[in-house]
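Have a look at the structure below, then the notes.
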Amino acid sequence: MKNPVMLAAGILGTTGASLKRAAQSGAGGVVTKSVGVAPREGHRGPTVVQVEGGLLNAMGLPNPSYHNFQEEIDIGREGGVPVVASIFGSGPEEFVEVAEGLEADGFELNLSCPHAERYGAEIGCEACNVEEITRTVKESVAVPVWVKLTPNVADIVGLGLAAQRGGADGVVAINTLKAMAIDVESGRPILGNRFGGLSGPAIKPVAIRCVYDLASALEIPVIGVGGVSSWQDAAEIIMAGAAGVQVGTALGGVEGYAVFRSITEGLSSYLDRKGMTLEELRGLARRFS
Amino acid sequence: MRPKNARIVEIVHETASVRTLRFDLDLDPVPGQYLMVWVREVDEVPMSISYRNGITVQLVGEATRAIFDLEVGDSLGLRGPLGNGFVLSGDRILLVGGGVGAAPLALLGEAASERGMEVSTLLGFRCCNDLIFRERFERIGDLVITTDDGSEGICGRASAGLERLNPRDYDQIYLCGPEPMMADVIGRCRGMETKIQASIDRYFKCGMGICGSCAIDPTGIRVCVEGPVIRGDQLAGTEFGRYRRGPNGLKK
Ligand SMILES: Cc1cc2nc3c(=O)[nH]c(=O)nc-3n(C[C@H](O)[C@H](O)[C@H](O)COP(=O)(O)OP(=O)(O)OC[C@H]3O[C@@H](n4cnc5c(N)ncnc54)[C@H](O)[C@@H]3O)c2cc1C
Ligand SMILES: Cc1cc2nc3c(=O)[nH]c(=O)nc-3n(C[C@H](O)[C@H](O)[C@H](O)COP(=O)(O)O)c2cc1C
């Protein structure tokens, strides 16, 4: 992938049209909404709340299931960049069922969604599950497999190492941080699901630290995600060691889809100014220990 | 933006299944903009703004039922005004609405009339008992009414009323109502697509353009932020009038 800036999972990726639009707006790769074995409507609203410095969401993994998703991937591919299918399941069998049922340029295993019972982080916070699920999916598909990690653990590096042992081609960090907001007028939790995940600028320093630690410990590439909305943010997470960058919440900002071009163009003029390559930028911060 | 607390100061029973709620705050909307209305403990649903401080709700399911159970003094959480509303342009305009779709058009017509524009309105309802906002539209210009059963005005769909008017007489046409009606009107106004603005309805979840639930095929236009008002030419060749997606992303 020449352009390292991608669309993050679950942001607009429910339809092929949105994936294609992201590609045509300058994303170097796109990740789909996480899809599972059966259609899900997701949690009731409110599904998002804007909070200080970020966004809380509890979408609840709404998706049409893999049975109805190949068409969307195929339309997404018309955008001319790799389409990575984000998939989820309750255990190895479901993950394999979804992976075998889809043809994509890669898979991203959602072992990190913090607000869906029986899925995501509920299984992905145990290193043994991460390793086993990664291994079974790797054995059943020929394309690259990335593992998306949850930061809601004491030791994210342990999860990254488990993914690496399972044969992952890369890890993606981070998913959202467990969070909550309460309506002071009524005392009620605002999200329909009560709890959700925090994303956006507020989590960038957490993502930077996770990427730094993971890149220091792993041999496989780390894809950085969390609070990236400008080329400076992208440069920072690459300096922490990220081989690629995903952008999520920033798509909901005033720039919308144009955020891809502003990040990629800003990054390349920065590299020109510094006379550096992307390769040289990667992990730069790790040289200062 | 966290939901703003809005206390209900007045409830008007427009028909047996349509109510207007007025709040204790000035929303300062562009006509055509909407709110995400949080009925605590139930759901958050999109509603067009029908007054500077109000919405007009048709009873259809769980969230709207819960809105109907509210009384003056109760409160809701509101996010908004959100999205892109109607853009007023020209001297003579036509409003075409169906059912509760009349709600944002009434606010638009009043704004147009204040600016000295000539406003004509065509509204379609199922029957005479479903009529809303008759006085609001009559006050600002001509009003043609159609009903499916002929109990009021012209018998037939709103498009039957369109035959009495010449769409080409108008500088701009504004639509809000059931999708088949809007698609039909656009179909009858061929060549005028760039002069048509339609407020369209898709399944909204986030209301901020990130979840993708309301994106239309094949352009990926995010109705919740790039709409809900979309120009006719931007709807041409899309899913509009053919299908939409439900909360799980499946087409229906
Ligand atoms: C931009 C916009 C403006 C609208 N303005 C008005 C208005 O002024 N007055 C009015 O009465 N209605 C309006 N609606 C429709 C209104 O949002 C739905 O009637 C309402 O959400 C139904 O909720 P429910 O729980 O009562 O019904 P449910 O039983 O949940 O569903 C009944 C129907 O409502 C639709 N619906 C449910 N939830 C949503 C949602 N989150 N987004 C979109 N559609 C949904 C479903 O497609 C379904 O067909 C508008 C919709 C949009 C998108
Ligand atoms: C509305 C929304 C939906 C999301 N859906 C998914 C999902 O389906 N699968 C997943 O792995 N991550 C999902 N995420 C997490 C993002 O991919 C990303 O990891 C996180 O938001 C941090 O990046 P950001 O700050 O750039 O948004 C979602 C995030 C948001 C805000």
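Numbered from 1 within each chain, the chains take letters A, B, ... in sequence-line order.
Closest approach of B:Gly212 to A:Thr14, counting heavy atoms only: O-OG1, 3.3 Å. The minimum heavy-atom distance between A:Leu12 and B:Gly209, with the atom names listed, is CD2-O, 3.6 Å. Of all heavy-atom pairs spanning A:Gly256 and B:Arg222, the tightest one is CA-NH2, 4.0 Å.
A 6.0 Å sphere centred on CZ of A:Arg194 holds no more than 12 heavy atoms belonging to other residues, nucleotides or ligands. Around atom CZ of B:Arg242, more than 12 heavy atoms belonging to other residues, nucleotides or ligands sit under 6.0 Å away. Around atom CZ of B:Arg126, no more than 12 heavy atoms belonging to other residues, nucleotides or ligands sit under 6.0 Å away.
Comparing A:Gly192, A:Gly16, A:Ser186, A:Gly253 by heavy-atom pairs within less than 4.5 Å of chain B, the highest count is held by A:Ser186. In terms of heavy-atom pairs under 4.5 Å with chain B, the best-connected choice from A:Thr47, A:Asp183, A:Val51, A:Leu19 is A:Asp183. For the set A:Ser65, A:Ala22, A:Ala181, A:Pro46, the count of heavy-atom pairs under 4.5 angstrom toward chain B peaks at A:Pro46.
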When you look at A:Arg44 and B:Glu44, which way does the side-chain contact (heavy atoms from CB on, under 4.5 Å) test go after all the steps?
-> CA-CA 7 Å; A:Arg44 62 186 178 173; B:Glu44 188 188 40; over 6 Å; no
side-chain contact (heavy atoms from CB on, under 4.5 Å) between A:Thr15 and B:Glu239, intermediate numbers included = CA-CA 13 Å; A:Thr15 67; B:Glu239 67 179 40; over 6 Å; no
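Using a 4.0 Å cut-off between charged nitrogen and carboxylate oxygen, B:Arg245 and A:Glu72 count as a salt-bridge pair. One finds no salt bridge joining A:Glu185 and B:Arg40 here, because no Lys/Arg side-chain nitrogen approaches an Asp/Glu carboxylate oxygen to under 4.0 Å.
Using a 4.5 Å heavy-atom cutoff, the side chains of B:Pro3 and A:Ile190 are in contact. B:Asn248 places none of its side-chain heavy atoms less than 4.5 Å from the side chain of A:Arg40. With a 4.5 Å cut-off on side-chain heavy atoms, B:Cys206 and A:Asn57 do not count as touching. Between A:Pro62 and B:Lys205, the closest side-chain pair of non-hydrogen atoms falls below 4.5 Å. Inter-residue side-chain proximity for B:Ile210 and A:Leu55 is flagged as met; some heavy-atom pair is nearer than 4.5 Å. Considering only heavy atoms from C-beta on, A:Glu41 stays 4.5 Å or farther from B:Tyr203 through its side chain.
For B:Glu41, the parts lying near chain A are the backbone and the side chain together; criterion is any non-hydrogen pair under 4.5 Å. Proximity to chain B is limited to the side chain of A:Glu71, based on heavy atoms less than 4.5 angstrom apart. Of the two parts of B:Ser213, only the backbone, made up of N, CA, C and O, holds a non-hydrogen atom closer than 4.5 Å to a non-hydrogen atom of chain A. Looking at B:Val42, the atoms closer than 4.5 Å to chain A (heavy atoms on both sides) all sit in the backbone: N, CA, C or O.
A donor-acceptor distance shorter than 3.5 angstrom exists from the side chain of A:Arg21 to the backbone of B:Gly220, with no hydrogens or angles considered. Side chain of B:Asp43 to main chain of A:Gly45: a donor-acceptor pair is present (N/O by atom type, distance under 3.5 Å, no hydrogens or angles).
Atom OG of A:Ser18 sits about 10.0 Å away from atom CD1 of B:Ile216, to the nearest 0.5 Å.
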